[in-house]
Amino acid sequence: MTAKSANDSARITYADVEVGTELPAQTFPVTRATLVQYAGASGDFNPIHWNEKFAVEVGLPDVIAHGMFTMAEAIRVVTDWVGDPGAVVEYGVRFTKPVVVPNDGQGATIEVSGKVGAKLADNTVRVDLLAMCAGQKVLGMSRAVVRLS
């Protein structure tokens, strides 16, 4: 079964999905400018997110993306699919690897895919997400519970 996108005229309903229904995968570019913008919006100015010298001094390979930024980008696959951010009832992840963002004009790319892992009670489904960057899984146990109509 193919999932409908948020742009379809009809909303996704509980009856529309089955375990294994795949959500449209997305890629999210991350540059140093993205990190500065996120730092300003979030108030998280930890230098590991913008100062390469500092990041390397504390043992990181380079500047890394904010964990909460990575988490926010991943859930966009779900909110875009369902068409309503308010439908997300629960969301959690485990941070497994940092998203390293080199200062090379290209930055990094977070690749996110998802599928319905379980149909639950009260018109809710569990969506399991896979977030990858540079061939490495950057979020583990990334799951969202979504209420469908």
Side-chain angles (χ1 to χ4, degrees), residues 3-8 11-12 17 19-149:
K4 296 177 185 175
S5 74
N7 294 332
D8 288 349
R11 287 187 54 126
I12 294 171
V17 299
V19 172
T21 297
E22 294 186 12
L23 284 62
Q26 294 187 49
T27 58
F28 304 99
V30 186
T31 65
R32 294 285 178 94
T34 309
L35 299 182
V36 171
Q37 292 167 338
Y38 183 81
S42 69
D44 181 352
F45 292 100
N46 186 325
I48 63 172
H49 303 303
W50 56 269
N51 184 318
E52 185 174 336
K53 181 179 181 294
F54 183 85
V56 170
E57 285 175 355
V58 299
L60 295 168
D62 206 329
V63 166
I64 63 170
H66 303 73
M68 295 302 288
F69 171 81
T70 304
M71 190 176 174
E73 292 292 76
I75 196 66
R76 287 176 57 189
V77 167
V78 176
T79 58
D80 288 353
W81 172 67
V82 76
D84 177 10
V88 177
V89 175
E90 183 179 318
Y91 178 46
V93 306
R94 190 177 76 228
F95 300 106
T96 56
K97 298 276 184 191
V99 173
V100 178
V101 183
N103 191 21
D104 61 2
Q106 294 182 23
T109 301
I110 303 169
E111 301 165 343
V112 184
S113 60
K115 67 179 177 179
V116 174
K119 289 184 84 168
L120 309 170
D122 298 326
N123 285 358
T124 60
V125 297
R126 187 191 77 225
V127 175
D128 300 331
L129 295 167
L130 176 62
M132 304 283 292
C133 182
Q136 295 190 338
K137 189 174 177 181
V138 295
L139 298 177
M141 299 296 291
S142 184
R143 296 181 172 163
V145 175
V146 182
R147 185 170 319 283
L148 302 175
S149 51

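Predicted model only: the values in this text are computed from it and were never measured.
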When you measure from the side chain of [X] to the backbone N and O of [Y], does any donor-acceptor pair fall under 3.5 Å?
{"X": "Trp50", "Y": "Phe45", "result": "yes"}
{"X": "Tyr91", "Y": "Met71", "result": "yes"}
{"X": "His66", "Y": "Asp44", "result": "yes"}
{"X": "Thr96", "Y": "Val138", "result": "yes"}
{"X": "Asp80", "Y": "Gly83", "result": "no"}

Minimal non-hydrogen separation, [X] against [Y], with atom names:
{"X": "Lys137", "Y": "Lys97", "result": "O-CG, 3.4 Å"}
{"X": "Val93", "Y": "Ser142", "result": "CG1-OG, 3.4 Å"}
{"X": "Leu35", "Y": "Ala65", "result": "CD2-CA, 3.6 Å"}
{"X": "Ala55", "Y": "Asp62", "result": "CB-O, 3.5 Å"}
{"X": "Pro61", "Y": "Val100", "result": "CG-CG2, 3.6 Å"}
{"X": "Val101", "Y": "Arg32", "result": "O-NE, 2.8 Å"}

Would Ile64 and His49 count as a side chain to side chain contact (heavy atoms under 4.5 Å, CB included) here? Give the steps. CA-CA 5 Å; Ile64 63 170; His49 303 303; 4.0 Å; yes
In this structure, are over 12 heavy atoms from other groups packed under 6.0 Å from Gln106 atom CD?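 Counting neighbours around CD of Gln106, 12 or fewer heavy atoms of other residues, nucleotides or ligands fall under 6.0 Å, so no.
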Lys119 atom NZ: more than 12 heavy-atom contacts under 6.0 Å: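 Yes, the 6.0 Å shell around NZ holds more than 12 heavy atoms from other groups.
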Rounded distance (nearest 0.5 Å) linking atom CG of Leu148 with atom CG of Asp122: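 That separation rounds to 12.0 Å.
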Spacing of Lys115 atom NZ and Thr21 atom OG1 [to the nearest 0.5 Å]: 10.5 Å
Check the side chains of Glu52 and Asn103 for a donor-acceptor pair under 3.5 angstrom, ignoring hydrogens and angles.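 Looking only at side-chain atoms, Glu52 and Asn103 do not form any donor-acceptor pair under 3.5 Å.
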Using side-chain heavy atoms (C-beta onward) and a distance below 4.5 Å, is Trp81 in contact with Val17? yes
Can you tell if the side chain of Phe69 reaches within under 4.5 Å of the side chain of Val30, non-hydrogen atoms only?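 Yes, their side chains come closer than 4.5 Å.
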Identified side chain to side chain contact (heavy atoms under 4.5 Å, CB included) partner of Ser113 from the options Leu130, Val77, Thr27: Leu130
Side-chain ion pair, Asp84 and Arg147, N-O less than 4.0 Å: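 Result for this pair is no, no salt bridge flagged.
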What verdict does the side chain to side chain contact (heavy atoms under 4.5 Å, CB included) test give for Val112 and Glu73, after you've listed the backbone C-alpha separation in whole Å, the side-chain angles of each residue and the deciding distance to 0.1 Å? CA-CA 8 Å; Val112 184; Glu73 292 292 76; 5.7 Å; no
Please report the C-alpha distance between Leu129 and Leu139 in whole Å, then the side-chain angles of each, then the deciding distance to 0.1 Å, and finally whether the side chain to side chain contact (heavy atoms under 4.5 Å, CB included) criterion is met. CA-CA 8 Å; Leu129 295 167; Leu139 298 177; over 6 Å; no
